[in-house]
Amino acid sequence: MAAVTSPESSPQPRVYFQTPTGTEEPETPVRKQGRVTVKYDRKELRKRLNLEEWIIDQLTDLYDCEEEAIPELEIDVDELLDMQSDVDRASRVKDLLVECYKPTDDFVSELLDKIRGMQKLSTPQKK
């Protein structure tokens with residue numbers, strides 16, 4: 001139902017809609033927006049992204065193809081960081097690149113230089 005009123009303080013009439021009795025809408029709970037409680041180290045993420053892009057560029061050169069045509073292989077930087085020595089890391093990367101017909105030694109040594117000092121990216125802890 002609509003009720004037209006004209007309060008003395010307002011020169012314009014106002015229309016108020018009232019809910020008919022017995023047909024009240026159920027009250028919906030108000031959701032509060034959550035806060036982001038997990039923080040990432042942006043600097044480390046940026047380093048990782050740059051490294052990933054560099055790896056893709058190098059692999060496209062090594063395999064002499066476009067990014068989409070690179071054979072399915074995954075160079076897991078966290079896995080490499082978990083290894084005890086550069087010899088183990090180099091061996092792992094060379095195993096992944098076994099099908100590459102171009103020399104991979106320069107790529108491997110540059111990759112090891114780039115990951116030296118990086119931190120392993122683990123799931124951030126909630127504070």
Side-chain angles (χ1 to χ4, degrees):
M1 287 193 169
V4 179
T5 60
S6 181
E8 296 163 7
S9 63
S10 174
Q12 297 290 328
R14 292 192 175 236
V15 178
Y16 296 97
F17 291 94
Q18 298 173 349
T19 313
T21 56
T23 59
E24 291 184 28
E25 295 178 20
E27 196 173 307
T28 56
V30 178
R31 286 175 90 185
K32 293 182 181 179
Q33 289 187 346
R35 292 186 215 162
V36 177
T37 57
V38 178
K39 294 188 180 188
Y40 292 92
D41 182 356
R42 287 182 182 261
K43 191 174 183 181
E44 202 60 39
L45 286 174
R46 175 57 54 195
K47 278 187 198 175
R48 183 63 64 101
L49 179 62
N50 290 340
L51 177 66
E52 301 274 343
E53 290 171 350
W54 178 83
I55 289 172
I56 290 171
D57 288 342
Q58 295 301 308
L59 290 177
T60 56
D61 289 344
L62 284 173
Y63 284 96
D64 203 21
C65 62
E66 295 298 316
E67 180 180 340
E68 296 80 26
I70 296 173
E72 280 295 315
L73 64 98
E74 183 179 341
I75 298 175
D76 186 350
V77 176
D78 286 336
E79 176 188 357
L80 295 176
L81 291 171
D82 280 342
M83 293 181 175
Q84 297 299 317
S85 70
D86 279 351
V87 174
D88 293 338
R89 292 182 188 106
S91 175
R92 175 68 180 136
V93 174
K94 287 179 182 179
D95 287 347
L96 292 170
L97 300 174
V98 73
E99 294 178 10
C100 184
Y101 63 90
K102 288 186 177 180
T104 60
D105 292 338
D106 289 341
F107 167 73
V108 172
S109 64
E110 253 186 279
L111 175 62
L112 296 181
D113 286 342
K114 288 184 179 292
I115 67 170
R116 197 169 288 118
M118 289 184 86
Q119 298 173 9
K120 185 177 174 185
L121 287 184
S122 58
T123 307
Q125 301 297 316
K126 292 184 179 181
K127 291 184 177 181

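Atoms considered below: every heavy atom in the structure, side chains included; atoms not considered: hydrogens, waters and symmetry mates.
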Report yes or no: do M83 and L81 belong to one cluster of Ile/Leu/Val/Met/Phe/Trp/Tyr joined by side chain heavy-atom distances under 4.5 Å? yes
- Message: Main chain of D88, side chain of S85: is a donor-acceptor contact present, judged purely on distance under 3.5 Å?
- Response: yes
Heavy-atom closest pair (C100 atom, L62 atom, distance to 0.1 Å) is SG-O, 3.5 Å
To the nearest 0.5 Å, atom CG of L45 lies from atom CG of L49 at 8.5 Å
To the nearest 0.5 Å, atom CG of N50 lies from atom CD1 of I55 at 11.0 Å
Review point. Heavy atoms, side chains only, cut-off 4.5 Å: are E99 and L73 in contact?
Key: no
**Prompt:** Step by step, would you call K102 with F107 a side-chain contact (heavy atoms from CB on, under 4.5 Å)?
**Reply:** CA-CA 10 Å; K102 288 186 177 180; F107 167 73; over 6 Å; no
Q84 atom CD: more than 12 heavy-atom contacts under 6.0 Å
no
- [ ] Determine whether I75 and I56 fall in the same hydrophobic cluster, where Ile, Leu, Val, Met, Phe, Trp and Tyr are linked whenever their side-chain heavy atoms lie under 4.5 Å apart.
- [x] no
Here the gap from R92 atom CZ to L97 atom CG, rounded to the nearest 0.5 Å, amounts to 10.0 Å
- Item | Residues, nucleotides or ligands: over 12 heavy atoms within 6.0 Å of R116 CZ | yes
- [ ] Could you walk me through whether L111 and Q58 pass side-chain contact (heavy atoms from CB on, under 4.5 Å), step by step?
- [x] CA-CA 10 Å; L111 175 62; Q58 295 301 308; over 6 Å; no
To the nearest 0.5 Å, atom NZ of K94 lies from atom CG of D105 at 4.5 Å
Taken to the nearest 0.5 Å, the spacing of L80 CG from M118 CE works out to 11.0 Å
Answer whether the closest heavy-atom distance between the side chains of V77 and K120 falls below 4.5 Å.
no
The reported gap from CD in Q119 to CZ in R48 (rounded to nearest 0.5 angstrom) is 9.5 Å
